[in-house]
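Working notes, beginning with the structure itself.
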2 protein chains.
Amino acid sequence: MSPDELWELNSAARHKTYPAGQTIVTQGEPNVLANIVTGIVVEKKGLADGREQIVSLLFPSDFLGNAYRRDADATAQTVSPVTLCTFERSGFEDVVRSHSAFRQALFDHAVAELDQAREWMLLLGQMRAGERVATFLMRLARRQSDAGCSHMPRDVVSDGAMLRIPITRGQMAAFLGLTVETVSRKLGALRDAGVIDLLGPRTVRINNVERLLAESL
Amino acid sequence: MSPDELWELNSAARHKTYPAGQTIVTQGEPNVLANIVTGIVVEKKGLADGREQIVSLLFPSDFLGNAYRRDADATAQTVSPVTLCTFERSGFEDVVRSHSAFRQALFDHAVAELDQAREWMLLLGQMRAGERVATFLMRLARRQSDAGCSHMPRDVVSDGAMLRIPITRGQMAAFLGLTVETVSRKLGALRDAGVIDLLGPRTVRINNVERLLAESL
DNA sequence: CGCTGACTTGACCAGTGTCAATAAAGGTGG
DNA sequence: CCACCTTTATTGACACTGGTCAAGTCAGCG
(Lines give C-alpha, C1' and ligand atoms only; values in the text may rest on other atoms or scores of the structure.)
Protein backbone atom coordinates (compact mmCIF):
# COMPACT_ATOMS: atom_id res chain seq x y z
CA MET A 1 0.00 0.00 0.00
CA SER A 2 1.13 3.50 -0.76
CA PRO A 3 2.02 5.96 2.01
CA ASP A 4 -1.04 8.12 1.50
CA GLU A 5 -3.29 5.10 1.66
CA LEU A 6 -1.71 4.06 4.90
CA TRP A 7 -2.06 7.56 6.23
CA GLU A 8 -5.71 7.74 5.31
CA LEU A 9 -6.29 4.43 7.05
CA ASN A 10 -4.27 5.51 10.01
CA SER A 11 -6.46 8.53 10.59
CA ALA A 12 -9.33 6.10 11.21
CA ALA A 13 -7.27 3.97 13.60
CA ARG A 14 -7.10 3.99 17.36
CA HIS A 15 -5.10 1.78 19.67
CA LYS A 16 -6.84 -0.11 22.41
CA THR A 17 -5.64 -2.57 25.05
CA TYR A 18 -7.39 -5.45 26.73
CA PRO A 19 -6.36 -7.61 29.70
CA ALA A 20 -6.06 -11.38 29.33
CA GLY A 21 -9.29 -13.32 29.16
CA GLN A 22 -11.41 -10.37 28.10
CA THR A 23 -14.21 -10.67 25.56
CA ILE A 24 -13.72 -8.20 22.71
CA VAL A 25 -16.89 -8.88 20.75
CA THR A 26 -19.75 -11.27 21.36
CA GLN A 27 -21.26 -13.48 18.68
CA GLY A 28 -24.15 -11.68 17.01
CA GLU A 29 -23.25 -8.23 18.28
CA PRO A 30 -21.71 -5.43 16.23
CA ASN A 31 -18.31 -6.31 14.93
CA VAL A 32 -14.92 -4.75 15.49
CA LEU A 33 -12.45 -4.01 12.72
CA ALA A 34 -8.90 -4.24 13.99
CA ASN A 35 -5.40 -5.46 13.49
CA ILE A 36 -3.79 -7.31 16.34
CA VAL A 37 -0.64 -5.52 17.40
CA THR A 38 0.40 -7.68 20.33
CA GLY A 39 -1.10 -10.70 22.09
CA ILE A 40 -3.23 -13.67 21.08
CA VAL A 41 -6.95 -13.70 20.33
CA VAL A 42 -9.30 -16.66 19.82
CA GLU A 43 -12.61 -16.66 17.99
CA LYS A 44 -15.13 -19.19 19.26
CA LYS A 45 -18.65 -20.36 18.68
CA GLY A 46 -20.83 -21.80 21.41
CA LEU A 47 -23.74 -24.19 21.87
CA ALA A 48 -26.69 -23.46 24.15
CA ASP A 49 -25.39 -25.79 26.87
CA GLY A 50 -21.99 -24.15 27.09
CA ARG A 51 -19.87 -26.32 24.84
CA GLU A 52 -17.51 -24.16 22.82
CA GLN A 53 -15.51 -24.60 19.65
CA ILE A 54 -12.59 -22.33 18.89
CA VAL A 55 -12.77 -21.54 15.18
CA SER A 56 -9.70 -19.38 14.80
CA LEU A 57 -6.48 -18.56 16.58
CA LEU A 58 -5.18 -15.07 15.82
CA PHE A 59 -1.63 -13.77 16.19
CA PRO A 60 -0.08 -10.32 15.99
CA SER A 61 -0.51 -8.86 12.48
CA ASP A 62 -3.69 -10.87 11.92
CA PHE A 63 -6.87 -9.02 11.06
CA LEU A 64 -9.94 -9.36 13.25
CA GLY A 65 -13.49 -8.77 12.08
CA ASN A 66 -15.25 -8.80 8.78
CA ALA A 67 -15.54 -5.56 6.85
CA TYR A 68 -18.58 -6.76 4.93
CA ARG A 69 -20.68 -7.96 7.80
CA ARG A 70 -22.04 -5.78 10.52
CA ASP A 71 -22.36 -8.43 13.21
CA ALA A 72 -19.75 -10.91 14.35
CA ASP A 73 -20.31 -14.57 13.59
CA ALA A 74 -18.17 -15.62 16.54
CA THR A 75 -17.08 -14.37 19.94
CA ALA A 76 -13.57 -12.93 20.06
CA GLN A 77 -11.69 -13.23 23.33
CA THR A 78 -8.19 -12.31 24.40
CA VAL A 79 -5.89 -15.08 25.58
CA SER A 80 -3.07 -12.84 26.76
CA PRO A 81 -3.01 -9.08 27.24
CA VAL A 82 -3.76 -7.67 23.80
CA THR A 83 -3.19 -4.42 21.94
CA LEU A 84 -5.51 -3.79 19.02
CA CYS A 85 -5.32 -1.21 16.30
CA THR A 86 -9.04 -0.62 15.77
CA PHE A 87 -10.63 1.20 12.85
CA GLU A 88 -13.75 3.32 12.78
CA ARG A 89 -16.14 1.53 10.52
CA SER A 90 -17.03 4.59 8.47
CA GLY A 91 -13.46 5.68 7.82
CA PHE A 92 -12.45 2.12 7.12
CA GLU A 93 -15.19 1.70 4.57
CA ASP A 94 -14.13 4.86 2.79
CA VAL A 95 -10.64 3.47 2.40
CA VAL A 96 -11.99 0.15 1.22
CA ARG A 97 -14.23 1.80 -1.33
CA SER A 98 -11.57 3.98 -2.82
CA HIS A 99 -8.56 1.67 -2.84
CA SER A 100 -8.83 -1.49 -4.85
CA ALA A 101 -5.52 -2.86 -3.55
CA PHE A 102 -6.85 -2.68 -0.05
CA ARG A 103 -10.11 -4.27 -1.08
CA GLN A 104 -8.13 -7.02 -2.70
CA ALA A 105 -6.15 -7.58 0.48
CA LEU A 106 -9.35 -7.92 2.46
CA PHE A 107 -10.70 -10.40 -0.01
CA ASP A 108 -7.53 -12.45 0.10
CA HIS A 109 -7.83 -12.48 3.84
CA ALA A 110 -11.39 -13.81 3.71
CA VAL A 111 -10.38 -16.51 1.24
CA ALA A 112 -7.46 -17.57 3.39
CA GLU A 113 -9.73 -17.82 6.41
CA LEU A 114 -12.15 -19.99 4.49
CA ASP A 115 -9.33 -22.25 3.45
CA GLN A 116 -8.13 -22.58 7.03
CA ALA A 117 -11.62 -23.30 8.28
CA ARG A 118 -12.05 -26.11 5.75
CA GLU A 119 -8.67 -27.54 6.61
CA TRP A 120 -9.82 -27.59 10.21
CA MET A 121 -13.07 -29.31 9.21
CA LEU A 122 -10.93 -32.10 7.83
CA LEU A 123 -9.05 -32.31 11.11
CA LEU A 124 -12.21 -32.26 13.25
CA GLY A 125 -14.17 -34.66 11.10
CA GLN A 126 -11.58 -37.27 10.20
CA MET A 127 -8.50 -37.23 12.41
CA ARG A 128 -8.04 -39.16 15.63
CA ALA A 129 -6.91 -37.45 18.82
CA GLY A 130 -3.18 -38.13 18.39
CA GLU A 131 -3.20 -36.88 14.82
CA ARG A 132 -5.00 -33.70 15.83
CA VAL A 133 -2.48 -32.85 18.53
CA ALA A 134 0.48 -33.58 16.25
CA THR A 135 -1.06 -31.49 13.46
CA PHE A 136 -1.66 -28.61 15.84
CA LEU A 137 1.97 -28.63 16.93
CA MET A 138 3.24 -28.76 13.34
CA ARG A 139 1.05 -25.87 12.20
CA LEU A 140 2.07 -23.81 15.20
CA ALA A 141 5.73 -24.55 14.51
CA ARG A 142 5.38 -23.53 10.87
CA ARG A 143 3.61 -20.36 11.80
CA GLN A 144 6.29 -19.41 14.31
CA SER A 145 9.18 -20.21 12.00
CA ASP A 146 7.52 -18.04 9.35
CA ALA A 147 7.11 -15.10 11.66
CA GLY A 148 10.55 -15.43 13.18
CA CYS A 149 12.71 -15.18 10.11
CA SER A 150 11.04 -14.28 6.87
CA HIS A 151 14.23 -14.83 4.88
CA MET A 152 14.02 -18.57 5.54
CA PRO A 153 12.09 -20.79 3.15
CA ARG A 154 8.50 -21.00 4.33
CA ASP A 155 7.08 -23.89 6.29
CA VAL A 156 10.40 -25.37 7.28
CA VAL A 157 10.70 -26.70 10.80
CA SER A 158 13.96 -28.31 11.83
CA ASP A 159 14.76 -30.81 14.56
CA GLY A 160 15.36 -29.18 17.91
CA ALA A 161 13.01 -26.28 17.18
CA MET A 162 11.56 -24.66 20.26
CA LEU A 163 7.86 -24.02 20.31
CA ARG A 164 5.82 -21.71 22.52
CA ILE A 165 2.22 -22.84 22.91
CA PRO A 166 0.26 -19.61 23.30
CA ILE A 167 -2.90 -21.14 24.76
CA THR A 168 -3.94 -23.34 27.68
CA ARG A 169 -4.71 -27.04 27.38
CA GLY A 170 -8.36 -26.18 27.75
CA GLN A 171 -8.20 -23.89 24.74
CA MET A 172 -6.26 -26.48 22.77
CA ALA A 173 -9.02 -28.93 23.59
CA ALA A 174 -11.70 -26.49 22.45
CA PHE A 175 -9.79 -25.92 19.22
CA LEU A 176 -9.16 -29.60 18.50
CA GLY A 177 -12.58 -30.88 19.50
CA LEU A 178 -11.17 -32.95 22.38
CA THR A 179 -11.10 -32.83 26.17
CA VAL A 180 -8.32 -31.36 28.27
CA GLU A 181 -7.40 -34.82 29.52
CA THR A 182 -7.03 -36.29 26.05
CA VAL A 183 -4.84 -33.41 24.90
CA SER A 184 -2.63 -33.88 27.93
CA ARG A 185 -2.39 -37.64 27.35
CA LYS A 186 -1.52 -37.35 23.68
CA LEU A 187 1.17 -34.79 24.43
CA GLY A 188 2.49 -37.18 27.08
CA ALA A 189 2.50 -39.99 24.53
CA LEU A 190 4.56 -37.90 22.10
CA ARG A 191 6.96 -37.12 24.94
CA ASP A 192 7.23 -40.80 25.94
CA ALA A 193 7.91 -41.68 22.30
CA GLY A 194 10.76 -39.17 22.28
CA VAL A 195 9.21 -37.12 19.50
CA ILE A 196 8.98 -33.98 21.65
CA ASP A 197 10.16 -32.71 25.03
CA LEU A 198 7.81 -30.87 27.33
CA LEU A 199 10.02 -28.25 28.96
CA GLY A 200 7.04 -26.64 30.62
CA PRO A 201 3.31 -26.76 30.03
CA ARG A 202 3.66 -24.05 27.41
CA THR A 203 7.07 -24.85 25.97
CA VAL A 204 7.89 -27.72 23.64
CA ARG A 205 11.04 -28.82 21.89
CA ILE A 206 10.53 -30.84 18.71
CA ASN A 207 13.14 -33.60 18.64
CA ASN A 208 11.99 -35.35 15.51
CA VAL A 209 10.06 -33.35 12.96
CA GLU A 210 9.75 -36.28 10.61
CA ARG A 211 8.05 -38.48 13.16
CA LEU A 212 5.81 -35.65 14.31
CA LEU A 213 4.79 -35.12 10.70
CA ALA A 214 4.12 -38.83 10.36
CA GLU A 215 1.88 -38.79 13.45
CA SER A 216 -0.08 -35.89 12.00
CA LEU A 217 -0.70 -37.86 8.79
CA MET B 1 -27.82 -6.79 -11.61
CA SER B 2 -28.73 -4.74 -14.63
CA PRO B 3 -29.60 -6.38 -17.97
CA ASP B 4 -26.41 -5.27 -19.71
CA GLU B 5 -24.31 -6.64 -16.86
CA LEU B 6 -26.04 -9.95 -17.13
CA TRP B 7 -25.55 -9.95 -20.85
CA GLU B 8 -21.88 -9.22 -20.55
CA LEU B 9 -21.50 -12.05 -18.09
CA ASN B 10 -23.55 -14.32 -20.25
CA SER B 11 -21.22 -13.88 -23.18
CA ALA B 12 -18.52 -15.48 -21.07
CA ALA B 13 -20.76 -18.35 -20.03
CA ARG B 14 -21.07 -21.85 -21.40
CA HIS B 15 -23.26 -24.68 -20.26
CA LYS B 16 -21.73 -28.01 -19.44
CA THR B 17 -23.13 -31.29 -18.17
CA TYR B 18 -21.61 -34.00 -16.02
CA PRO B 19 -22.85 -37.48 -15.15
CA ALA B 20 -23.35 -38.51 -11.52
CA GLY B 21 -20.22 -39.23 -9.54
CA GLN B 22 -17.91 -37.27 -11.81
CA THR B 23 -15.04 -35.17 -10.49
CA ILE B 24 -15.30 -31.60 -11.76
CA VAL B 25 -12.09 -30.20 -10.29
CA THR B 26 -9.39 -31.79 -8.19
CA GLN B 27 -7.90 -30.19 -5.09
CA GLY B 28 -4.86 -28.15 -6.07
CA GLU B 29 -5.62 -28.03 -9.77
CA PRO B 30 -6.93 -25.03 -11.70
CA ASN B 31 -10.32 -23.93 -10.53
CA VAL B 32 -13.63 -23.71 -12.30
CA LEU B 33 -15.97 -20.74 -12.06
CA ALA B 34 -19.57 -21.79 -12.44
CA ASN B 35 -23.11 -21.59 -11.25
CA ILE B 36 -24.93 -24.81 -10.61
CA VAL B 37 -28.02 -24.99 -12.80
CA THR B 38 -29.28 -28.44 -11.88
CA GLY B 39 -28.00 -31.25 -9.68
CA ILE B 40 -26.00 -31.52 -6.46
CA VAL B 41 -22.26 -31.03 -6.02
CA VAL B 42 -20.06 -31.76 -3.01
CA GLU B 43 -16.69 -30.26 -2.21
CA LYS B 44 -14.36 -32.48 -0.23
CA LYS B 45 -10.89 -32.57 1.20
CA GLY B 46 -8.89 -35.74 1.62
CA LEU B 47 -6.14 -37.21 3.78
CA ALA B 48 -3.24 -39.20 2.36
CA ASP B 49 -4.75 -42.53 3.47
CA GLY B 50 -8.06 -41.94 1.74
CA ARG B 51 -10.22 -40.54 4.52
CA GLU B 52 -12.38 -37.74 3.16
CA GLN B 53 -14.30 -34.86 4.66
CA ILE B 54 -17.05 -33.15 2.72
CA VAL B 55 -16.69 -29.42 3.37
CA SER B 56 -19.61 -28.11 1.39
CA LEU B 57 -22.85 -29.29 -0.15
CA LEU B 58 -23.93 -27.24 -3.17
CA PHE B 59 -27.41 -26.92 -4.64
CA PRO B 60 -28.77 -25.39 -7.83
CA SER B 61 -28.13 -21.62 -7.89
CA ASP B 62 -25.04 -22.00 -5.69
CA PHE B 63 -21.76 -20.71 -6.98
CA LEU B 64 -18.78 -23.03 -7.36
CA GLY B 65 -15.17 -21.92 -7.35
CA ASN B 66 -13.28 -18.95 -6.07
CA ALA B 67 -12.76 -16.01 -8.36
CA TYR B 68 -9.71 -14.82 -6.45
CA ARG B 69 -7.78 -18.05 -6.29
CA ARG B 70 -6.41 -19.86 -9.27
CA ASP B 71 -6.33 -23.34 -7.77
CA ALA B 72 -9.10 -25.15 -5.97
CA ASP B 73 -8.72 -25.81 -2.25
CA ALA B 74 -11.03 -28.82 -2.44
CA THR B 75 -12.17 -31.46 -4.88
CA ALA B 76 -15.61 -30.86 -6.40
CA GLN B 77 -17.62 -33.91 -7.39
CA THR B 78 -21.10 -34.38 -8.76
CA VAL B 79 -23.58 -36.36 -6.72
CA SER B 80 -26.32 -36.50 -9.33
CA PRO B 81 -26.19 -35.56 -12.99
CA VAL B 82 -25.25 -31.88 -13.02
CA THR B 83 -25.57 -28.93 -15.37
CA LEU B 84 -23.10 -26.16 -14.82
CA CYS B 85 -23.07 -22.66 -16.22
CA THR B 86 -19.32 -22.14 -16.44
CA PHE B 87 -17.52 -18.85 -17.00
CA GLU B 88 -14.29 -18.17 -18.84
CA ARG B 89 -11.91 -16.86 -16.26
CA SER B 90 -10.80 -13.88 -18.33
CA GLY B 91 -14.29 -12.71 -19.23
CA PHE B 92 -15.45 -13.30 -15.69
CA GLU B 93 -12.65 -11.22 -14.27
CA ASP B 94 -13.51 -8.35 -16.60
CA VAL B 95 -17.04 -8.34 -15.29
CA VAL B 96 -15.82 -8.51 -11.71
CA ARG B 97 -13.41 -5.66 -12.23
CA SER B 98 -15.91 -3.34 -13.83
CA HIS B 99 -19.04 -4.01 -11.76
CA SER B 100 -18.85 -3.29 -8.08
CA ALA B 101 -22.25 -4.84 -7.39
CA PHE B 102 -21.04 -8.10 -8.82
CA ARG B 103 -17.83 -7.90 -6.84
CA GLN B 104 -19.89 -7.28 -3.75
CA ALA B 105 -22.00 -10.34 -4.47
CA LEU B 106 -18.89 -12.47 -4.77
CA PHE B 107 -17.58 -11.15 -1.51
CA ASP B 108 -20.86 -11.83 0.25
CA HIS B 109 -20.70 -15.34 -1.08
CA ALA B 110 -17.22 -15.89 0.34
CA VAL B 111 -18.25 -14.51 3.71
CA ALA B 112 -21.31 -16.74 3.81
CA GLU B 113 -19.18 -19.78 3.00
CA LEU B 114 -16.81 -18.91 5.82
CA ASP B 115 -19.71 -18.59 8.20
CA GLN B 116 -21.06 -21.97 7.14
CA ALA B 117 -17.65 -23.59 7.48
CA ARG B 118 -17.31 -22.30 11.04
CA GLU B 119 -20.79 -23.42 11.92
CA TRP B 120 -19.78 -26.86 10.70
CA MET B 121 -16.59 -26.74 12.78
CA LEU B 122 -18.84 -26.34 15.81
CA LEU B 123 -20.83 -29.38 14.73
CA LEU B 124 -17.78 -31.52 14.02
CA GLY B 125 -15.86 -30.49 17.10
CA GLN B 126 -18.57 -30.48 19.77
CA MET B 127 -21.72 -32.34 18.80
CA ARG B 128 -22.42 -36.01 19.41
CA ALA B 129 -23.55 -38.29 16.61
CA GLY B 130 -27.28 -37.93 17.24
CA GLU B 131 -27.07 -34.17 17.41
CA ARG B 132 -25.13 -34.05 14.15
CA VAL B 133 -27.69 -36.11 12.26
CA ALA B 134 -30.60 -34.10 13.66
CA THR B 135 -28.85 -30.84 12.80
CA PHE B 136 -28.19 -32.03 9.28
CA LEU B 137 -31.85 -32.84 8.76
CA MET B 138 -32.97 -29.50 10.13
CA ARG B 139 -30.60 -27.51 7.96
CA LEU B 140 -31.62 -29.49 4.91
CA ALA B 141 -35.28 -28.91 5.70
CA ARG B 142 -34.75 -25.17 6.12
CA ARG B 143 -32.84 -24.98 2.89
CA GLN B 144 -35.55 -26.81 0.98
CA SER B 145 -38.40 -24.81 2.47
CA ASP B 146 -36.49 -21.65 1.50
CA ALA B 147 -36.01 -22.73 -2.06
CA GLY B 148 -39.51 -24.08 -2.43
CA CYS B 149 -41.51 -20.99 -1.68
CA SER B 150 -39.66 -17.76 -1.22
CA HIS B 151 -42.81 -15.95 -0.16
CA MET B 152 -42.87 -17.91 3.08
CA PRO B 153 -41.00 -16.61 6.11
CA ARG B 154 -37.47 -18.01 6.02
CA ASP B 155 -36.29 -20.95 8.06
CA VAL B 156 -39.71 -22.21 8.94
CA VAL B 157 -40.22 -25.95 8.89
CA SER B 158 -43.58 -27.32 9.90
CA ASP B 159 -44.63 -30.74 11.17
CA GLY B 160 -45.26 -33.24 8.41
CA ALA B 161 -42.74 -31.62 6.08
CA MET B 162 -41.32 -33.97 3.49
CA LEU B 163 -37.61 -34.01 3.01
CA ARG B 164 -35.54 -35.35 0.14
CA ILE B 165 -32.00 -36.29 1.16
CA PRO B 166 -29.89 -35.58 -1.91
CA ILE B 167 -26.86 -37.65 -0.90
CA THR B 168 -26.06 -41.21 0.11
CA ARG B 169 -25.48 -42.33 3.68
CA GLY B 170 -21.81 -42.56 2.90
CA GLN B 171 -21.74 -38.92 1.86
CA MET B 172 -23.74 -37.92 4.92
CA ALA B 173 -21.15 -39.74 7.01
CA ALA B 174 -18.29 -37.94 5.25
CA PHE B 175 -20.05 -34.64 5.83
CA LEU B 176 -20.87 -35.28 9.50
CA GLY B 177 -17.55 -36.85 10.46
CA LEU B 178 -19.18 -40.20 11.26
CA THR B 179 -19.38 -43.67 9.74
CA VAL B 180 -22.17 -44.94 7.52
CA GLU B 181 -23.31 -47.31 10.24
CA THR B 182 -23.63 -44.60 12.86
CA VAL B 183 -25.61 -42.35 10.52
CA SER B 184 -27.96 -45.21 9.77
CA ARG B 185 -28.37 -46.05 13.46
CA LYS B 186 -29.08 -42.48 14.51
CA LEU B 187 -31.66 -42.09 11.76
CA GLY B 188 -33.18 -45.33 12.96
CA ALA B 189 -33.25 -44.00 16.51
CA LEU B 190 -35.11 -40.87 15.38
CA ARG B 191 -37.58 -43.09 13.52
CA ASP B 192 -38.07 -45.35 16.56
CA ALA B 193 -38.66 -42.27 18.70
CA GLY B 194 -41.37 -41.18 16.27
CA VAL B 195 -39.62 -37.92 15.44
CA ILE B 196 -39.32 -38.78 11.75
CA ASP B 197 -40.55 -41.41 9.29
CA LEU B 198 -38.19 -43.03 6.80
CA LEU B 199 -40.33 -43.44 3.71
CA GLY B 200 -37.33 -44.61 1.71
CA PRO B 201 -33.61 -44.30 2.17
CA ARG B 202 -33.70 -40.85 0.61
CA THR B 203 -37.08 -39.60 1.75
CA VAL B 204 -37.96 -38.43 5.24
CA ARG B 205 -41.09 -37.02 6.80
CA ILE B 206 -40.57 -34.84 9.85
CA ASN B 207 -43.31 -35.63 12.33
CA ASN B 208 -42.16 -33.44 15.15
CA VAL B 209 -40.03 -30.43 14.29
CA GLU B 210 -39.82 -29.34 17.90
CA ARG B 211 -38.30 -32.60 19.08
CA LEU B 212 -35.96 -32.76 16.11
CA LEU B 213 -34.80 -29.27 16.97
CA ALA B 214 -34.31 -30.35 20.58
CA GLU B 215 -32.20 -33.32 19.49
CA SER B 216 -30.03 -31.03 17.40
CA LEU B 217 -29.40 -28.76 20.42
C1' DC C 1 -36.27 -60.92 -12.66
C1' DG C 2 -31.87 -61.00 -11.00
C1' DC C 3 -27.79 -58.13 -9.95
C1' DT C 4 -25.32 -54.66 -7.79
C1' DG C 5 -24.63 -51.11 -4.81
C1' DA C 6 -26.79 -48.87 -0.90
C1' DC C 7 -28.70 -49.43 3.46
C1' DT C 8 -29.71 -51.61 7.99
C1' DT C 9 -28.79 -54.27 11.94
C1' DG C 10 -26.08 -56.92 15.33
C1' DA C 11 -22.01 -58.13 18.13
C1' DC C 12 -17.88 -56.61 19.73
C1' DC C 13 -14.17 -53.58 20.96
C1' DA C 14 -11.09 -49.46 20.92
C1' DG C 15 -10.61 -44.77 21.60
C1' DT C 16 -12.27 -40.85 24.15
C1' DG C 17 -14.94 -38.81 27.49
C1' DT C 18 -16.04 -38.63 32.45
C1' DC C 19 -14.96 -38.46 37.21
C1' DA C 20 -11.58 -38.01 40.71
C1' DA C 21 -7.25 -37.26 42.89
C1' DT C 22 -2.65 -35.16 42.60
C1' DA C 23 0.91 -32.37 41.10
C1' DA C 24 2.82 -28.47 39.12
C1' DA C 25 2.75 -23.49 37.72
C1' DG C 26 1.87 -18.89 38.24
C1' DG C 27 0.34 -14.84 40.71
C1' DT C 28 -0.25 -12.13 45.04
C1' DG C 29 0.71 -10.14 49.18
C1' DG C 30 3.41 -10.23 53.19
C1' DC D 1 12.19 -13.48 48.38
C1' DC D 2 9.19 -16.65 50.11
C1' DA D 3 4.69 -18.75 51.45
C1' DC D 4 0.18 -19.25 50.16
C1' DC D 5 -3.55 -19.75 47.08
C1' DT D 6 -5.67 -20.40 42.65
C1' DT D 7 -5.50 -21.99 38.29
C1' DT D 8 -3.73 -25.21 35.15
C1' DA D 9 -1.93 -29.62 33.99
C1' DT D 10 -1.13 -34.56 34.63
C1' DT D 11 -2.40 -39.14 35.65
C1' DG D 12 -5.43 -43.11 36.81
C1' DA D 13 -9.72 -45.92 36.79
C1' DC D 14 -13.81 -46.65 34.52
C1' DA D 15 -17.88 -46.05 31.39
C1' DC D 16 -19.82 -45.33 27.06
C1' DT D 17 -20.11 -43.53 22.50
C1' DG D 18 -19.14 -44.56 18.14
C1' DG D 19 -15.98 -47.33 15.09
C1' DT D 20 -15.04 -51.96 13.15
C1' DC D 21 -16.27 -56.28 11.26
C1' DA D 22 -19.75 -59.19 9.50
C1' DA D 23 -24.29 -60.64 7.93
C1' DG D 24 -28.21 -59.77 5.95
C1' DT D 25 -31.94 -56.79 3.60
C1' DC D 26 -33.60 -53.58 0.45
C1' DA D 27 -34.01 -50.63 -3.64
C1' DG D 28 -33.16 -49.24 -8.08
C1' DC D 29 -31.90 -50.53 -12.69
C1' DG D 30 -30.60 -53.03 -16.64
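All values below were derived from every heavy atom in this structure, side-chain atoms included, with hydrogens, water molecules and symmetry-related copies excluded. Numbered from 1 within each chain, the chains take letters A, B, ... in sequence-line order.
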Quiz item: Hey, which of these two, Arg202(A) or Gly200(B), hits DNA chain C nearer its 5' end, going by closest nucleotide?
Solution: Gly200(B)

How many whole angstroms separate atom [atom1] of [X] from atom [atom2] of [N]?
{"X": "Ile167(B)", "N": "dA6(C)", "atom1": "CD1", "atom2": "C1'", "result": "14 Å"}
{"X": "Leu198(B)", "N": "dT8(C)", "atom1": "CG", "atom2": "P", "result": "7 Å"}
{"X": "Leu124(B)", "N": "dT17(D)", "atom1": "CG", "atom2": "C1'", "result": "17 Å"}
{"X": "Asp197(B)", "N": "dT8(C)", "atom1": "CG", "atom2": "C1'", "result": "17 Å"}
{"X": "Leu187(A)", "N": "dT8(D)", "atom1": "CG", "atom2": "P", "result": "17 Å"}
{"X": "Leu199(B)", "N": "dT8(C)", "atom1": "CG", "atom2": "C1'", "result": "16 Å"}
{"X": "Gln126(A)", "N": "dG18(D)", "atom1": "CD", "atom2": "C1'", "result": "14 Å"}
{"X": "Met172(A)", "N": "dA9(D)", "atom1": "CE", "atom2": "P", "result": "10 Å"}

Side-chain donor/acceptor pairs under 3.5 Å, residues 127-138 of chain B, sequence neighbours excluded:
from	atom 1	to	atom 2	distance (Å)
Glu131(B)	OE1	Arg51(A)	NH1	3.1
Glu131(B)	OE1	Arg51(A)	NH2	3.4
Glu131(B)	OE1	Arg128(B)	N	3.0
Glu131(B)	OE2	Arg51(A)	NH2	3.1
Arg132(B)	NE	Met127(B)	O	2.9
Arg132(B)	NH1	Leu176(B)	O	2.8
Arg132(B)	NH1	Gly177(B)	O	3.4
Arg132(B)	NH2	Leu124(B)	O	3.2
Arg132(B)	NH2	Met127(B)	O	3.1
Thr135(B)	OG1	Glu131(B)	O	2.7
Thr135(B)	OG1	Ser216(B)	O	3.4

Exercise. Decide whether Asp159(B) and Asn208(B) meet the rule of one side-chain donor and one side-chain acceptor closer than 3.5 Å.
Key: no

Practice problem: Consider only side-chain N and O atoms of Thr83(B) and Thr38(B), and report whether a donor and an acceptor are under 3.5 Å apart. | Solution: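 Distance-only check passes for Thr83(B) and Thr38(B).
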
Self-check item: Reading 5' to 3' through nucleotides 9-24 of chain C, protein heavy-atom contacts under 4.0 Å coded B for base, S for sugar-phosphate only, - for none
Solution: BBB---SSSBB-----

Self-check item: Residue pair Phe175(B) / Val42(B), side-chain heavy-atom distance below 4.5 Å
Solution: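 When only atoms from C-beta onward are counted, Val42(B) and Phe175(B) do not touch, as no gap falls below 4.5 Å.
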
Self-check item: Tyr68(A) and Phe107(A): CA distance, side-chain angles, deciding distance, ring-ring contact (aromatic ring centres under 6.0 Å, His included) verdict
Solution: CA-CA 10 Å; Tyr68(A) 285 90; Phe107(A) 203 101; 8.4 Å; no

Self-check item: Under 3.5 Å: donor-acceptor pair, side chain of Arg89(A), backbone of Leu33(A)
Solution: no

